[in-house]
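Read the structure below first, then the notes.
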Amino acid sequence: MIWVSDTIGMLPFKLIYSEDYFLPIGAHVFPAEKYKGVHDRLLALKVAEAADFVAPGAAADEDVLLVHTPQYVQKLKTGTLSAREELEMELPYSPELVRAFWMAAGGSMLAADWALNDGVAINIGGGFHHAFPDHGEGFCMINDIAIAIRRMQRDEKIRTAMTIDCDVHQGNGTAAIFSASSDVFTISLHQRNNYPAFKPPSSLDMNLPDGMGDDEYLACLGSAMSLGLSKLKPELICYVAGADPYRDDQLGGLSLTLEGLKERDALVFRRAKAEGIPLMVTFAGGYARKLKDTVTIHSNTIIAAMEVYAGK
Ligand SMILES: [Zn+2]
């Protein structure tokens with residue numbers, strides 16, 4: 001009899017997920033229920049089974065401090081943000097919310113680790129690219145992407161990394177965090193006429209015009225990756241797979257279709273695989289008028305990864 005372990009899973013990579021990713025923010029344009037929505041949809045579609053999911057622990061404060069200032073972390077841990085700081089974060093503060101962001105950062109750290117092991121790993125959360133070392137902004141409290149990179153570097157598992165940020169909003173926090181780091185190359189493709197008003201320079205910014213559709217977008221993404229990889233061949237790619245370049249997004253002004261967004265993901269995966277560079281994914285934003293669409297876009301990212309990496 002051949003014994004088959006039920007812990008292997010269906011996918012050739014791990015999905016990092018915790019029910020504690022849910023952000024307790026009440027009625028809000030950020031659909032905090034999307035993480036569970038994606039988890040449940042992947043199971044319902046039989047794209048994944050329970051064994052494909054790995055639960056992270058929360059990041060340790062010392063991990064968060066690799067990126068964020070002690071003063072800011074102290075304010076978060078003691079509930080002493082000023083009213084202005086809470087307003088800038090655009091989320092209602094609570095200790096439970098701090099816990100959820102620490103979980104997301106733990107998830108991105110775990111995804112980075114699994115990416116080195118399997119070639120790719122996907123955090124069903126995270127991507128909080130608007131968080132700066134000393135403050136949060138735009139629904140982002142702490143920058144899980146930067147924390148994962150700095151932790152991997154500290155552990156000497158990687159020396160160099162590249163971020164490919166395809167959220168419709170520029171990755172201002174990530175750009176600022178790595179502005180003086182020649183070992184991390186930051187790429188951001190975003191709508192020019194959108195938040196953030198001030199865009200600290202990434203290593204490579206693609207400022208896209210309003211209403212750009214699939215074909216032009218995919219061409220820009222291909223060029224950006226080629227240019228970036230000609231400057232630095234990293235040991236890890238952190239792909240920020242925002243769902244908000246979608247044409248029916250409430251906070252975005254680009255015009256990508258569901259199919260175009262899936263092709264975007266596939267383009268990134270094919271390139272990383274061809275170059276032999278481990279890749280981790282985080283979700284970032286997604287504010288489609290219908291929650292179902294945001295869940296579909298994020299779920300399609302996993303399906304695209306399956307098609308590329310498993311050759312299915
Ligand atoms: Zn966004």
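Just so it is clear, the structure is predicted and the values come from calculations on it, not from any experiment. Residue numbers count from 1 along this sequence. Whatever order the structure lists ligands and atoms in, that order sets their numbers, starting from 1.
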Let me check your reading of the structure: within less than 2.8 Å of the Zn ion (ligand 1), is there an N/O/S atom from H169?
yes
Treat each ILVMFWY residue as a node, draw an edge where side-chain heavy atoms are under 4.5 Å apart, and state whether I302 and L45 are in one component.
yes
Do you know which N/O/S atom name in D167 is closest to the Zn ion (ligand 1)?
OD1
For the Zn ion (ligand 1), what is the closest N, O or S atom on D244?
OD2
Start with the C-alpha distance between Y287 and F139, add both sets of side-chain angles, then the distance that settles side-chain contact (heavy atoms from CB on, under 4.5 Å), and finish with yes or no.
CA-CA 12 Å; Y287 317 93; F139 318 149; 3.3 Å; yes
Presence of salt bridge, D61 and K77, under 4.0 angstrom:
yes
Closest heavy-atom contact between R159 and Q153?
O-NE2, 2.8 Å
